[in-house]
Amino acid sequence: ENMDAVVSAGTVFAKGIEAVNAELAAISKRNLEDGIAAVKALAAAKSAKEYFELQSDLVKTSWDHMVADTTKIGEMMGEYSKDAMAPIQS
């Protein structure tokens, strides 16, 4: 019975890790695409003022994404860890 609970917990946790990895891959893809777009936008700036305004916006957007992504991954890990522990705790 205990062994079944451990196997079940491991299976649930492995599925959670797969979901987290998929989310991290999506975040990485978005960050790469955003980075390419940022370089193009900065290269097209017509003045130093426009360049620095774009750069400021890019930093803010990057920060906002990082906070949202970190929160989402943390929540996912917490949820999957809790779900994985359920079979062991019952």
Could you measure the distance from the [atom1] atom of [X] to the [atom2] atom of [Y]? Nearest 0.5 Å is fine.
X     : Y     : atom1 : atom2 : value
Met66 : Asn31 : CE    : CG    : 11.0 Å
Met77 : Phe13 : CE    : CZ    : 4.5 Å
Leu24 : Met76 : CG    : CE    : 8.0 Å

>> Going by the rule side chain to side chain contact (heavy atoms under 4.5 Å, CB included), which residues pair with Asp34 if we only count those two or more places apart in sequence or in a different chain?
In response: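 Only Arg30, His65 meet the side chain to side chain contact (heavy atoms under 4.5 Å, CB included) criterion with Asp34.
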
By salt bridge (charged side-chain N to carboxylate O under 4.0 Å, His left out), which residues pair with [X], not counting sequence neighbours?
X     : result
Lys15 : none
Asp64 : Lys60
Glu23 : Lys72
Glu75 : none

> Closest approach of Ala84 and Ala9, non-hydrogen atoms and distance?
Replying inline: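 Smallest interatomic distance, heavy atoms only, reads O-CB, 2.8 Å.
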
Is there a continuous path of hydrophobic side-chain contacts, each under 4.5 Å between heavy atoms, that joins [X] to [Y]?
X     : Y     : result
Val12 : Val6  : no
Val59 : Ile27 : no
Ile88 : Val7  : no

> Do Tyr80 and Ile17 pass the side chain to side chain contact (heavy atoms under 4.5 Å, CB included) test, and can you show the C-alpha distance, the side-chain angles, and the key distance before you say yes or no?
Replying inline: CA-CA 8 Å; Tyr80 293 127; Ile17 293 299; over 6 Å; no

Under 3.5 Å, sequence neighbours excluded: what are the donor-acceptor pairs made by side chains of residues 40-54?
residue : atom : partner : partner atom : Å
Ser47   : OG   : Glu50   : N            : 3.1
Glu50   : OE1  : Lys46   : N            : 2.7

>> For Asp4, is there any backbone N or O sitting under 3.5 Å from a side-chain donor or acceptor partner on Ser8?
In response: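 Absent.
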
